[in-house]
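Only one structure is covered here, and it is reproduced in the block below.
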Amino acid sequence: MFEAEQKAVEIKIQEYCRTNQLPEISAQWNSIPFSGQWGISTSFFQMAAQEARQGKAVNVAQRAQELAAGVKAFLGEPEGFERLEAVKGYLNLYFSTAEYTRRVVDTVLEQGHDFGRGALKGERVMVEYSQPNTHKEFHVGHLRNVILGSCVCNLLEFAGFDVVRANYIGDIGLHVIKWLWNYLKYHNGEEPAADRVRWMSELYTEAVRRIEDEPGAEDEVRALFMRWDRRDPEIVELWKKTREWSLEGFQQIYQLLDVHFDHIYFESDVEDSGKGMVNELIARGIARDERPDGPVIVKLDEILGNQDEKYRVLVVLRSDGTSLYATKDLSLAIEKFEQFHLDRSIYVIDVRQSLYMQQIFKTLEIMGYPWAKNCYHLAYEIVNLPGNVTMSSREGTVVLLDDLMREATSRAVEIVKIKNPDLSPEKQGEIAYAVALGAIKYSMLSRDNTKIVTFDWSTALDFNGQAAPYIQYAHVRASSILRKMDGPLPKPLTPEQPLEPTEIALIDLISRLPREIQRASADLRPLYLASLAYDMARAFNDFYNQCPVLPAEPCVRASRLRLVAAARQALANTLAILGITAPQAM
RNA sequence: GCCCCUGUAGCUCAAUGGACAGAGCACCGGACUUCUAAUCCGAUGGUUGUGGGUUCGACUCCCACCAGGGGCGCCA
């Protein structure tokens, strides 16, 4: 937020270097890592090392300190800073606290829910996430994808990108045929139970078990797939009906999680165009048709002339002519770019599909699509159960989303009843829901994408410590003070009293938000914001405990009230990006 | 065999190549007549898997190795 002052100092440093024939090094600014002080710093080790390399006999650490001291003397008293120091090779510039406090607070309050928003970048990005399969379960493992994908969309949008939120639903494929086979043979005519996703899931598990146990079942399934391929009206009709059951269930889940999509693709929509593409690949000599004895394959390493095995072989069509995931993904990628004129296409898919993703992107590149290099696989690690057990419906090792939400909410309700017994049951329910969902989302977003999440009930239902409720509670406390302030928010003012260290720490963190949003969106890592939200909440709680607001002297009171309002806004904006509700009471 | 990810406090995790590697949980001891104690304060806890290298400076980058997980022709 202080780019102008930073830049001015940078120019002066460059001037100093030129007049003293010093190597010019671009300044790397950091915040000063000591609490209770607020400013920026840069170091002169690089410059000193550069001199050493040029043949000057210098001790780098000593020389860095000399340079820092020299620059400090040269800078004098630059605009916007109240104190400079040269320590251990670092040049520290301390902000004019009162002036910058006012600037940060005023900026936050003027921009409101847009505080932290980046300038429009004129770049359109599609993010594909969730990708549930119909006729199957929706468990806690799938939850990470939805939460991460949705948050990445919020993040990119807030950072200034034009985001298209896309879902890609697996409504056809071997898993669907297996389900249909079981339904036709053992459940024909049955209607789904109230919890549709659970009912669909149970039948799928049953289907898989039967296919393993029953001799001849696999042949029947294959025959059924061929009937689908011929678009046998009876099968198509059943497929439409049962597919709808899953889709209705998914809608409920997305509503529950408060996520939405701009566009939904279906695998069944790109199946035919995908097969067409496979023919094109064969005709152009990119794919080799080994049918009927083998599938249609793209020998990527051979085409690229790789000696080592890097991209291996991509199978694009089964030997019996039925489609695969790859068949459809190739044509879908093209459709996305053509339909939405994308600059970038992000796939939020778990890390196990990394090779597959690279194969798809590379095949598109070989086909000559220039945008293929703008496809990106955002890989995240899966959610396991304790003991590194993978969630699997066949093994019965799944935690269903519905069960998790119900358990978390009921636990939160118990706490709300104790903390806030006077609220209406409806209000209590609302708060409990916000807390429960927030806790679940935060536990996934506060872990780096490459880290495996181990799901266990006690951790998932722990609302203490570094978790969403802690952050939400800070927001509640700020809201509570503002509710009781009796009158309008004081007008902008420059604090006259010296600020407490906790106030400075809080303002410092708030001022970092715009930059952290850019950093998080560049790296596609919500973790940065999850951490900042927690740090802000902790700083606010410190401030809350040490600095009375409402009973303070009028001048101090006014200044602190504005700070409380700014903190509340910064917390709310960060939580909004994380997809977590910021309640008024808890 | 090839490729990818992970390895940091007892546990779960943070840490733009920078100053003293930080939080939470757990454990121990404190603080509600107060703007909401879903909070705060204090104490304990480290050879950043190992060995080299690059660098003024390495948890961070490079190489090798060790341990765990994952992927590698007709699942998605």
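Naming: A, B, ... by sequence-line order, numbering from 1 per chain. Not measured: the values here are computed from a predicted model.
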Anti/syn call for C5(B), syn if |chi| within 90°: anti
Considering every strand and a 4.0 Å limit on heavy-atom distances, what is the contact class for Val296(A): base, sugar-phosphate, or nothing? nothing
Check: C72(B) base within 3.5 Å donor-acceptor of Arg312(A) side chain: yes
What is the distance, rounded to the nearest whole Å, between atom CG of Asn420(A) and atom P of U36(B)? 11 Å
Quickly work out the Lys362(A) NZ to C3(B) C1' distance and round it to whole Å. 15 Å
Using a cut-off of 4.0 Å on non-hydrogen atoms, how would the nucleic acid contact of Gln546(A) be classed: base, sugar-phosphate, or nothing? nothing
Would the base of C74(B) count as contacting Ser319(A) through its side chain, where contact means a donor and an acceptor less than 3.5 Å apart? yes
Length of the line joining Arg525(A):CZ and C5(B):P, which is rounded to integer Å: 12 Å
Which glycosidic conformation, syn or anti, is assigned to G30(B) if syn requires a torsion within 90° of zero? anti
Applying a 4.0 Å non-hydrogen cut-off, can you work out what Leu355(A) is touching in the nucleic acid: base, sugar-phosphate, or nothing? sugar-phosphate
How far does the P atom of G1(B) sit from the matching atom of U12(B), given to the nearest Å? 29 Å
Which residue pairs pass the ring pair (Phe, Tyr, Trp, His ring centres under 6.0 Å) test with at least one member in residues 515-535 of chain A, sequence neighbours excluded? Tyr470(A)-Tyr534(A)
A cation-pi test, strictly: NZ or CZ of Arg447(A) under 6.0 Å from the centre of the six-membered ring of Tyr442(A) and no more than 45 degrees from its axis. Yes or no? no
Stems with RNA chain B, 3 or more Watson-Crick or G-U pairs in a row (under 3.5 Å), are B:1-7 with B:66-72, B:10-13 with B:22-25, B:28-31 with B:39-42, B:49-53 with B:61-65
Rounded to whole Å, how long is the line connecting atom CG of Asp462(A) with atom C1' of U12(B)? 11 Å
Between Arg318(A) and C75(B), does any side-chain N or O lie under 4.0 Å from OP1 or OP2? yes
Would you classify Val313(A) as touching base, sugar-phosphate or nothing, given that sugar-phosphate means primed atoms plus P, OP1 and OP2, and contacts are heavy atoms under 4.0 Å? base
